[in-house]
Undergrad: 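The structure is given below, and queries will be raised subsequently.
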There are 4 protein chains.
Amino acid sequence: MKGGTVTVRDTPTGWNSEPAGAEPRGRPRGRPRSEAVEQAILEGVLRLLEGGGTLSSLTVEGIAKAAGVGKATIYRRWPGKEALLLDALATLDNDPLPETGSGSVRDDLVRLIEFVRQRGVSKRESELLRLVTSEVMCHPDLSQQYHDRFIAPRREALRQVLVRGIDSGELRDDIDLELLGDLFAGPMLMRTVLHQWAALPEDLPERIVDAVLDGVRKK
Amino acid sequence: MKGGTVTVRDTPTGWNSEPAGAEPRGRPRGRPRSEAVEQAILEGVLRLLEGGGTLSSLTVEGIAKAAGVGKATIYRRWPGKEALLLDALATLDNDPLPETGSGSVRDDLVRLIEFVRQRGVSKRESELLRLVTSEVMCHPDLSQQYHDRFIAPRREALRQVLVRGIDSGELRDDIDLELLGDLFAGPMLMRTVLHQWAALPEDLPERIVDAVLDGVRKK
Amino acid sequence: MKGGTVTVRDTPTGWNSEPAGAEPRGRPRGRPRSEAVEQAILEGVLRLLEGGGTLSSLTVEGIAKAAGVGKATIYRRWPGKEALLLDALATLDNDPLPETGSGSVRDDLVRLIEFVRQRGVSKRESELLRLVTSEVMCHPDLSQQYHDRFIAPRREALRQVLVRGIDSGELRDDIDLELLGDLFAGPMLMRTVLHQWAALPEDLPERIVDAVLDGVRKK
Amino acid sequence: MKGGTVTVRDTPTGWNSEPAGAEPRGRPRGRPRSEAVEQAILEGVLRLLEGGGTLSSLTVEGIAKAAGVGKATIYRRWPGKEALLLDALATLDNDPLPETGSGSVRDDLVRLIEFVRQRGVSKRESELLRLVTSEVMCHPDLSQQYHDRFIAPRREALRQVLVRGIDSGELRDDIDLELLGDLFAGPMLMRTVLHQWAALPEDLPERIVDAVLDGVRKK
DNA sequence: CGGTAAACGAGACGGTACGTCGTGTCTTGAC
DNA sequence: GTCAAGACACGACGTACCGTCTCGTTTACCG
C-alpha cells in the first residue's frame with residue numbers, strides 16, 4: 001500500500017510519508033486521518049465479500065454500514081468503489097514474491113506458479129479476485145492500475161527467470177519472451193478466470209511447467 | 001440464437017417455431033412479437049457498446065432509448081440485462097467452428113486458435129466480450145449459460161482434436177486432457193483478458209501451437 | 001388547485017386540464033399520473049405536520065416514506081419541498097371566500113376577518129401556515145406564488161368592501177386604500193405570526209372592526 | 001449583547017466582566033477568547049446575508065469560512081445557527097428605544113412606530129429580520145428568546161404610552177390593552193412581513209397613528 | 001368484417017444506491 | 001484553554017436505473 005496507492009487514492013495531505021526532517025510543502029493541518037478507520041473500511045469490504053455476491057451487491061453504502069463509517073469518509077480516501085477494491089486486494093495480496101535464482105530454472109518456475117495458485121485457494125482472495133478482475137475489465141484506467149500493482153511484478157519475476165534460463169541455455173532462444181511467459185502463466189489464468197476455483201490441485205504447477213518445458217508431442 | 005436461447009429467454013409463446021399444422025399447447029393469440037424489434041434491441045446494444053464504456057453505463061433504459069423501444073418490450077424477452085448481453089454476443093459469434101479432422105493435428109489446433117483470435121480483432125466483438133466476461137464472472141448462473149453456449153463447444157472441438165492426436169500417437173498420453181487443452185488455450189486467454197487486444201498478430205496461433213508441441217526446453 | 005398551481009408544478013402533460021373535445025397539443029403519452037398518489041403525498045405532508053416540528057424536520061424523504069411513495073414521484077410533480085408546501089396549504093385552504101356586498105360594510109368586514117380567524121383555529125392549518133409562512137419569507141420566488149394564490153384574493157375581497165364603504169360614504173376617503181386594508185388585516189396578522197395561535201377569541205373580529213371604524217380616541 | 005445573551009450563549013468563562021482584583025471562582029485559565037474572533041463571526045454573518053439567500057444557504061460552515069474561523073469556535077460560543085442569528089440581529093438592533101412620556105401621546109406613538117420603520121429601511125437589518133423571523137417561527141424555544149429580547153421591550157414601551165393615554169383620558173378605556181397595541185403595531189408588521197420592504201414611506205407612522213386614533217368612519 | 005387479445009411506445013410507480021453537502025463533535029499541533 | 005484546520009458519524013439532498021405497472025394504439029388471428 002505504498003507506491004501504487006498514491007496514484008489511485010486522493011493522497012490527501014501526505015501526512016504519513018516523510019521519513020524525517022523538514023516537510024517540504026507544509027505539514028498537514030487539521031485532524032489527521034485515522035488509520036483505524038482505514039483498516040475498518042478495508043476489513044468491511046472483505047467481510048462483505050465473504051458473504052459472496054454480485055459486484056453490484058457490494059455497495060458503498062453497505063461498506064460504510066459494515067465498517068461503522070460515514071459514506072463521506074470512504075469518498076474522502078477513494079474516488080470510488082473500484083479503487084477501494086484494488087486497495088482491499090492489496091491488503092490480502094502482500095506476501096513477498098518467492099525467491100528465485102537460487103536453484104534450477106524449473107524449480108523457480110514451479111515456485112512462481114505455486115505462488116499464484118495460493119491466491120486462488122484462499123476463499124477471501126479468490127472472491128476478491130473474481131470481483132476485482134471483472135471490475136477491472138470494465139474500467140480501462142483501473143486496468144492500468146491493476147496491471148502495474150499486481151500483474152507487472154509477477155510478470156517481471158517470471159521474465160527474469162526466463163531470461164536466466166535462456167542465458168544458461170536451458171530454454172530455447174527462438175521464442176519471444178512475451179509468448180514464453182504466456183505459455184507458463186496462461187494455464188493458471190484459465191482455471192482462475194473461467195473454471196472453478198477448486199480445480200487447483202497441489203501438483204498442478206509442476207505438471208504445467210514440465211509439460212511446457214518438454215512439449216506435448218510424443219517422442 | 002437457437003438452442004441455448006430457450007433456457008435464458010422467456011420463450012413466450014413460441015410464435016416462431018412451428019411450421020404449420022396443429023399446435024399442441026394452443027397457438028399463440030394476439031399480436032405476434034415483432035422480429036424487427038428484436039433486431040433493433042440487439043443492434044442497439046452493439047451500437048452502445050461501440051461507444052465504449054463501463055458495464056454499469058450500459059443501462060436497460062439506455063438500450064430501450066437507443067432502440068426506440070419501450071422498456072417492457074425488453075423485459076418481455078429477456079429476464080435482465082445479463083441474458084440480453086449473452087444473446088447480443090450470440091448475434092456476433094455465430095460463425096461455425098472450423099472443420100477439423102481432415103488434416104494434421106497441428107493444423108487443426110492452429111485453425112481452432114485462429115478462430116478464437118478472430119474474436120479479439122473485431123472491435124465490436126472484443127468490446128462485447130470484455131463486458132460479457134466481466135458480467136459473467138459475477139453471476140454464477142450466467143456463468144453456466146455462458147459456458148454452455150460459448151465455451152463448451154470450443155473446448156469440445158479442441159478436445160476432439162487432442163483425443164485424435166493421442167490416438168494417432170502424435171501427442172503424449174501422460175498428460176490429462178484438461179491440462180492439455182489449457183496449454184493451448186491459455187496463452188490466447190492471457191492476451192484476451194489481461195493484455196491489450198491489439199497484441200494478436202496473425203502468426204500467433206502457429207507460434208503457440210509449435211511452442212506447446214515441441215516444448216521450450218533447449219534441445 | 002387549478003390556476004395558480006400550473007406555474008409552480010411541473011405541469012407535465014396537462015392531461016387533466018382540457019374540458020372536452022380535441023386536445024390541442026397532442027394527448028399525453030405513457031401511463032398517466034395517479035391522482036391517488038397525489039392525494040397520498042399531500043395527506044402525508046399534513047400528517048407529518050400534525051406531529052409538529054421544525055421546517056427542516058419535514059424532509060422529502062420523510063414525506064415519501066409517510067406517503068408510501070418513491071422520492072422521484074414527488075420530484076416529478078413539484079420542484080421542491082417549498083412548492084409542495086404551497087399545494088398542501090391549498091388542499092386545506094380551499095373554502096370559498098365569504099359573500100360580501102349584501103349587508104352593511106361593517107358586517108362584511110367582520111365576516112372577512114372571521115374567515116381569516118378560522119385558519120388559525122384549526123390545528124392543521126395553523127401548523128401548516130406557520131411553516132409555509134416562514135418558508136415563504138426565505139424564498140422570494142415562492143413569496144410571489146404565495147401572495148398570488150392566498151393573499152391577493154383576500155386582499156381583493158377586502159378592497160372591494162372598502163371601496164363600497166367609501167362610495168357609500170360610510171368610510172373616510174382621505175386614507176389610501178392600502179393603509180385602510182392594513183388597519184383591518186394587521187391586528188389579525190399580529191396574532192397569527194408573533195403571538196400564540198390561541199389568542200383568537202370568537203369576538204375578536206367584531207372588536208377589531210369596531211375599534212378601527214370608530215377610532216380609539218376618547219370622545 | 002448584554003442581558004439576554006447570557007441565556008443563549010454559553011457564557012464560557014466570563015473573561016470580560018471583572019475589572020480587576022480577585023476573581024471569586026478562579027480566574028479563567030488558558031488562552032482567553034479573542035474579542036476579534038467574536039466580531040469576525042458576527043460580521044461574517046451579516047456579510048453573507050447581504051448577498052441575500054435562503055435560510056438554509058446560510059450555513060455554519062459558510063460562516064466559519066467567511067469569518068476565517070474554525071467551526072468549533074462558533075459552536076464554543078453559540079449552541080447553533082439560530083442563536084447566532086439572534087446575536088447578529090442584536091448587533092444591528094441596539095439603538096435605544098426612543099424617549100416617551102415627554103410630550104403628547106400621539107407624538108410618542110408616532111415616535112415608536114417610526115423607530116420600527118427604521119429597521120425595515122436598512123438593507124442589512126431587513127434581510128436579517130426576514131431570516132430571523134422565519135427561523136423563529138419554526139423553533140418554539142427561539143421564539144421565546146426572540147420575544148423576550150426584541151419584541152417585549154417594544155411592546156412594553158408601547159404599552160406604557162397607551163396606559164398613559166388611557167389614564168389621561170386621551171384614549172378609550174373600553175378596549176383591552178393587547179388589542180390596542182395590535183391596532184398600532186399591526187399595519188407596520190403587515191408591510192414588514194408580507195409586503196415589499198420598500199413600501200415604508202416617511203410619513204407612514206403619522207398616517208397610521210392618526211387613522212387609528214380617529215377611526216376610519218366618515219363623520 | 002368486426003371482435004378479441006397480445007405486443008408495442010411511453011412513461012409513472014415504489015425502490016435502492018449514488019455522490020455531495022451540512023451538522024455538530026472530535027482530534028491534531030501551534031499559540 | 002483557545003484557535004484554524006479538517007476528519008468523523010450521521011443523515012438528507014436531488015438524480016439515475018431498476019423491474020413492474022398502466023395507459024392508448026397497433027396488428028395480427030379468428031369467428
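Quick caveat: nothing in here was measured; it's all calculated off a predicted structure. Naming: A, B, ... by sequence-line order, numbering from 1 per chain.
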Undergrad: Could you tell me the separation between the CD1 atom of D:I41 and the P atom of F:dA4, rounded to a whole number of Å?
TA: 8 Å
Undergrad: In whole angstrom, what separates B:Y75's OH from E:dA12's P?
TA: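 Answer to the nearest Å: 17 Å.
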Undergrad: Are the side chains of B:V37 and B:R77 in touch, meaning some heavy atoms are under 4.5 Å apart?
TA: yes
Undergrad: Given F:dC13, E:dG24, E:dT28, identify the nucleotide with an atom nearest to the side chain of A:P32.
TA: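 Minimum distance to the A:P32 side chain belongs to E:dT28.
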Undergrad: Give the rounded distance in Å between these two atoms: CD of A:E35 and P of E:dT28.
TA: 13 Å
Undergrad: Let me have the donor-acceptor pairs involving side chains of residues 41-48 of chain D, under 3.5 Å, with sequence neighbours excluded, atom names and distances please.
TA:
residue : atom : partner : partner atom : Å
D:E43   : OE2  : D:R124  : NH2          : 2.7
D:R47   : NH2  : D:A66   : O            : 2.8

Undergrad: Using a 3.5 Å cut-off and no angle test, enumerate the donor-acceptor pairs between side-chain atoms of residues 56-64 of chain D and protein atoms at least two apart in sequence or in another chain.
TA:
residue : atom : partner : partner atom : Å
D:S57   : OG   : D:T54   : N            : 3.2
D:S57   : OG   : D:T54   : O            : 2.8
D:T59   : OG1  : D:G62   : N            : 2.8
D:E61   : OE2  : D:K71   : NZ           : 3.2

Undergrad: Tell me which of A:G80 and D:G62 sits closer to the 5' end of DNA chain E, going by the nucleotide each one is nearest to.
TA: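 The residue closer to the strand's 5' end, by nearest nucleotide, is A:G80.
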Undergrad: DNA chain F: C:T59 or A:G30, which has the more 5' nearest nucleotide?
TA: A:G30
Undergrad: Kindly compute the distance separating NZ (A:K81) from CG (A:L142), expressed to the nearest 0.5 Å.
TA: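 Going from the NZ atom of A:K81 to the CG atom of A:L142 covers 12.0 Å.
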Undergrad: For D:V60 and A:K81, find the nucleotide of DNA chain E closest to each by heavy atoms; which residue's nucleotide sits nearer the 5' end?
TA: A:K81
Undergrad: I need the A:L86 CG to A:W78 CH2 distance, nearest 0.5 Å.
TA: 11.5 Å
Undergrad: Do the side-chain N or O atoms of A:R76 get closer than 4.0 angstrom to the phosphate oxygens (OP1, OP2) of F:dC8?
TA: yes
Undergrad: Measure CD/C:E61 against C1'/F:dA12 and give the value in whole Å, please.
TA: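 After rounding, the gap between these two atoms is 5 Å.
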Undergrad: Quick check on DNA chain F: between C:S56 and D:R31, whose nearest nucleotide comes earlier from the 5' end?
TA: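 Closer to the 5' end of DNA chain F: D:R31.
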Undergrad: In whole Å, I'd like the distance from the CD atom of A:E82 to the C1' atom of E:dC18.
TA: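 The answer, rounded to whole Å, is 12 Å.
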Undergrad: Among the nucleotides F:dC13, E:dC13, E:dT4, which one has an atom lying closest to any side-chain atom of B:R29?
TA: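 Looking only at heavy atoms from C-beta outward on B:R29, the closest nucleotide is E:dT4.
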Undergrad: I'd like to know whether D:L85 forms a side chain to side chain contact (heavy atoms under 4.5 Å, CB included) with D:E82, so could you lay out the CA-CA distance, the side-chain angles of the two residues, the decisive distance to 0.1 Å, and finally the verdict.
TA: CA-CA 5 Å; D:L85 271 182; D:E82 308 81 21; 5.6 Å; no
Undergrad: Could you check how far CG of A:L58 sits from C1' of E:dC18, rounded to whole Å?
TA: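 Distance check: A:L58 CG to E:dC18 C1' gives 14 Å.
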Undergrad: Look at C:E38 together with C:R33 and state whether they make a salt bridge at an N to O cut-off of under 4.0 Å.
TA: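 Result for this pair is no, no salt bridge flagged.
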Undergrad: Mind listing the residues from residues 65-74 of chain D sitting with a heavy atom below 4.0 Å of DNA chain E? Number order is fine.
TA: D:K71, D:A72
Undergrad: What is the distance from CD1 of D:I63 to C1' of E:dG24, rounded to the nearest Å?
TA: 14 Å
Undergrad: Between C1' on F:dG14 and CG on C:L84, what's the gap in Å once rounded to a whole number?
TA: 15 Å
